[in-house]
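See structure below.
Note that these values count all heavy atoms, side chains included, but never hydrogens, waters or copies made by symmetry.
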Amino acid sequence: MVIEDSKKYCQKVRLMTTNEMNNLIVSLSRGDTAALERLYEELSKPVYFYALHLSGNNEIAEDVMQETFLTVWNKAGEFVPIGSARAWVFTVAKNKTLDKLRAAGRHEPLSSAHAASGDPMETALADMAFMQRLAPLSERERSVVMLRLLSGFTLTEVAEELHIPKGTVFWTYNTAIKKLRNEQEKGGAR
């Protein structure tokens, strides 16, 4: 189910190229609010799920998503367009999430994310269902799948974000997809 959901998401939304996203950040640095809107449309949901994955808390994920885009707006001039704007935005989101966790007295992200109920109820239930589909995966596998499928990172960008070799990311991603397919087949056979 998660595989089909992510494929539908990727087909429905044409992910921006690195160059297009970098140009948006440059436009942001000049005060272009339309660029912010476009960037938000492209990355708000992936940023939310990434923060939810790290924190396991719907409210923290919502706050992080909003704060991430405020920070991107305020610091767009500091972005160097040689790098990946997508990776830069997710680094901001990761740092915001870790700040929230530290403020709440937690020093590390959850090892397994479980979404807390939130508002609206349908969104919270959908978030929980999605995270439960990823439950059979190890923490590393979940991170790779989240970054690859939801955030649209390339395997190279996933490797850079997680500080692990690209070959390990490729192997981990393929293993995770096989696990998800096996779980899906088991669920369909019941």
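- Taking each heavy atom of Ser29 and Ala76 in turn, the nearest pair found is N-CB, 3.6 Å.
- Partners of Leu70 by side-chain contact (heavy atoms from CB on, under 4.5 Å), not counting sequence neighbours: none found.
- Relative orientation of the Tyr40 and Phe69 rings is perpendicular, given thresholds of 30° and 60° on the angle between their planes.
- In this structure, Glu157 contributes its side chain and Thr154 its backbone to a donor-acceptor pair below 3.5 Å.
- With values rounded to the nearest 0.5 angstrom, Glu141 atom CD is found 3.5 Å from Lys179 atom NZ.
- Considering all non-hydrogen atoms of both residues, Ser143 and His53 come closest at OG-NE2, 3.0 Å.
- Residues Leu137 and Arg142 come closest through the heavy atom pair O-NH1, 2.7 Å.
- Here side-chain hydrogen bond (donor to acceptor under 3.5 Å, both in side chains) pairs that include residues 70-82, with residues two or more places apart or in two chains, are Thr71-Lys96.
- In this structure, CG in Asn19 is found 10.0 Å from CG in Leu24, a value given to the nearest 0.5 Å.
- Residue Ser44 holds its OG atom at 10.5 Å from CZ of Phe49, rounded to the nearest 0.5 Å.
- One finds the CG atom of Asn23 at 10.0 Å from the CZ atom of Arg38 (value rounded to the nearest 0.5 Å).
- Look at Lys100 and Glu67 and you find a salt bridge, because one of the NZ, NE, NH1 or NH2 atoms lies within 4.0 Å of a carboxylate O, short of that distance.
- Nearest approach of Ile164 to Thr168, heavy atoms of both residues: CD1-CG2, 4.4 Å.
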Quiz item: Passes side chain to side chain contact (heavy atoms under 4.5 Å, CB included), Phe79 versus Asn22? Steps please.
Solution: CA-CA 9 Å; Phe79 174 70; Asn22 287 358; 3.4 Å; yes
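- Distance CG/Leu147 to NZ/Lys94: 9.0 Å, rounded to 0.5 Å.
- Of all heavy-atom pairs between Ala93 and Val64, the closest is O-CG1, 3.6 Å.
- Rounding to the nearest 0.5 Å places CD1 of Ile25 at 4.5 Å from CG of Leu39.
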Quiz prompt | Full working for side chain to side chain contact (heavy atoms under 4.5 Å, CB included) between Leu52 and Asn57 | solution = CA-CA 6 Å; Leu52 180 63; Asn57 183 293; 5.7 Å; no
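- For OH of Tyr173, the number of neighbouring non-hydrogen atoms (other residues, nucleotides, ligands) closer than 6.0 Å is greater than 12.
- For the pair Arg148 and Val158, the tightest heavy-atom approach, listed with the atom from each and the gap, is N-CG2, 4.1 Å.
- Proximity of Phe90 to Leu43: side-chain heavy atoms (C-beta onward) are separated by under 4.5 Å at one or more points.
- A single hydrophobic cluster is not seen to contain both Val26 and Val72; linkage of ILVMFWY side chains at heavy-atom distances under 4.5 Å, directly or through other members, places them apart.
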